[in-house]
Amino acid sequence: MEKLPHALLETAPPAAERGALVYAGDSGIESRFVVVNPDASLETLRHAIAGGAAGIALTGCCTGADIQRLAVLLSVAEAEENLAEGSTPIIAITDGILPAPVSPQGFSDKSSRLAGLVWDQRGLVKTLAVESTRTESGEWPPTFAAARAAVLLTAASAGIPAYDSASDLAGELFATDCDRSRADGFFGRLASDPAQIAIIQTVYARGRGSSGQARG
């Protein structure tokens, strides 16, 4: 597949199976990662790749075992759909409650299919049963900051790009938030509105100053 873009547009909430993360690659052709839950069936995966999905986005991902299970099922689905082994990449969506990056339960070396890690803070909101997350100045409270950092560390350990959570901000406020996220080490982020895509692509493409562009 083409290199992942900086912006992934949600077409349905990640918690809802069979939604999608949509992007336009270098070819300009729109592609989509079909969203599935950790208990997705072989039939669901076959339907997704037969329908032309560029990859699978695994929501509710907690450990490397979730990636391994999905990778095995995808191998079977590819064989049954006469597709090349390993041709369907995976993007993992997590709330940030993750095992230590270098632990046996982590994501490193679990599957070459793993192409990116997305932090979805809405999952953590649900887990913690809270209503407000960020302060008026845009800072994350300690629990959320820790989960966000865990995603960055896990992605770096696995050698894959990390995507920041979606935001309801717009215009200059959104651009400023993206710039802060990029400086923190994120490669890109979820877009909740098509109007955010151009801002995300522009801001995150700047890289991280003298340290260069985030890995991807």
Side-chain angles (χ1 to χ4, degrees), residues 1-37 48 51-61 89-96 115-127 130-141 144-145 147-148 151-152 155 161-208 213-214 216:
M1 65 166 288
E2 296 177 330
K3 182 179 178 180
L4 287 175
H6 297 286
L8 296 172
L9 175 66
E10 297 177 326
T11 60
E17 185 164 307
R18 305 300 292 281
L21 302 181
V22 179
Y23 69 94
D26 293 338
S27 65
I29 299 174
E30 186 177 281
S31 301
R32 62 193 175 92
F33 275 71
V34 174
V35 178
V36 303
N37 293 318
I56 298 297
L58 179 62
T59 189
C61 190
I90 298 169
I91 290 179
I93 304 173
T94 178
D95 61 7
L117 185 61
V118 178
W119 182 49
D120 183 15
Q121 59 94 8
R122 294 164 298 187
L124 193 56
V125 167
K126 184 176 180 180
T127 299
V130 297
E131 295 183 1
S132 178
T133 53
R134 303 181 79 170
T135 65
E136 291 183 1
S137 62
E139 298 296 328
W140 292 102
F144 284 80
R148 187 169 181 265
V151 170
L152 283 169
Y163 286 81
D164 209 347
S165 194
S167 170
D168 293 331
L169 297 174
E172 287 301 319
L173 289 176
F174 181 65
T176 298
D177 193 57
C178 287
D179 196 58
R180 177 185 298 184
S181 168
R182 173 190 55 80
D184 287 342
F186 284 96
F187 172 80
R189 79 184 307 161
L190 294 179
S192 59
D193 186 293
Q196 295 177 335
I197 294 176
I199 295 175
I200 293 173
Q201 294 284 54
T202 298
V203 173
Y204 287 91
R206 296 173 187 161
R208 289 189 291 164
Q213 184 170 333

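This structure is a prediction, so every number in the text was calculated from the model and none was measured. What you see below is based on every heavy atom in this structure, not just the backbone, and it leaves out hydrogens, waters and symmetry mates.
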Margin query: Please give me the minimum heavy-atom distance between Leu152 and Ala162, naming the atom from each residue.
Written below: CD2-CB, 4.0 Å
Notebook entry, point to check: Shortest non-hydrogen contact from Leu9 to Ser192?
Noted result: CD1-C, 4.2 Å
Notebook entry, point to check: Is the backbone of Gln121 close enough, under 3.5 Å, to the side chain of Ser165 for a donor and an acceptor to pair up by distance?
Noted result: yes
Next item on the list: State, to 0.1 Å, how close Ala147 and Leu124 come at their nearest heavy-atom pair, and which atoms those are.
Entry: CB-CD2, 3.6 Å
Notebook entry, point to check: Charged N to carboxylate O under 4.0 angstrom, Arg148 versus Asp95?
Noted result: no
Margin query: So which atom in Ser181 and which in Tyr204 form the shortest heavy-atom distance, rounded to 0.1 Å?
Written below: OG-OH, 2.7 Å
Margin query: Quick check against the 3.5 Å criterion: does Thr11 have a side-chain atom that pairs as donor or acceptor with the backbone of Ala20?
Written below: yes
Note to self: As an exercise, state the distance from SG of Cys178 to CD1 of Ile199, rounded to the nearest 0.5 Å.
What the structure shows: 7.0 Å
Checklist line | side-chain contact (heavy atoms from CB on, under 4.5 Å) between Phe174 and Asp168, intermediate numbers included | finding: CA-CA 8 Å; Phe174 181 65; Asp168 293 331; over 6 Å; no
Check: What distance do Leu117 atom CG and Leu58 atom CG have between them, rounded to the nearest 0.5 Å?
Finding: 10.5 Å
Checklist line | Minimum heavy-atom distance between Gln196 and Ser167, given as atom pair plus value | finding: NE2-O, 2.8 Å
Item checked: Aromatic ring proximity Phe187/Tyr163, centre distance under 6.0 Å -> yes
Note to self: Quick one, Val22 and Leu8 - any side-chain contact, counting heavy atoms below 4.5 Å?
What the structure shows: no
Check: Out of curiosity, Thr59 OG1 to Leu21 CG, how far, rounded to the nearest 0.5 Å?
Finding: 9.0 Å
Next item on the list: Check the pair Leu190, Val118 against side-chain contact (heavy atoms from CB on, under 4.5 Å), reporting the backbone distance first and the verdict last.
Entry: CA-CA 8 Å; Leu190 294 179; Val118 178; 3.7 Å; yes
Checklist line | Ion pair check, Arg182 and Asp164, cut-off under 4.0 Å | finding: no
Check: Which value, rounded to the nearest 0.5 Å, describes the distance between Leu169 atom CG and Asp193 atom CG?
Finding: 12.0 Å
Checklist line | salt bridge (Lys or Arg N to Asp or Glu O under 4.0 Å) evaluation trace for Asp177 with Arg134 | finding: CA-CA 12 Å; Asp177 193 57; Arg134 303 181 79 170; 2.8 Å; yes
Notebook entry, point to check: Counting distance only, does the side-chain N/O of Thr94 pair as donor-acceptor with the main-chain N or O of Trp119 below 3.5 Å?
Noted result: no
Note to self: Would the distance check show the side chain of Gln201 and the main-chain N or O of His6 forming a donor-acceptor pair, the cut-off being under 3.5 Å?
What the structure shows: yes
Margin query: Check Glu10 with Arg122, please: is the shortest side-chain N to carboxylate O separation under 4.0 Å?
Written below: yes
Notebook entry, point to check: Which pair of heavy atoms, one from Ala48 and one from Ile56, lies closest together, and at what distance?
Noted result: CB-CD1, 3.9 Å
Next item on the list: Find the distance between CD1 (Ile90) and SG (Cys61) and round it off to the nearest 0.5 Å.
Entry: 8.5 Å
Margin query: Please report the interatomic distance CD1(Ile93) to CZ(Phe33), rounded to the nearest 0.5 Å.
Written below: 10.5 Å
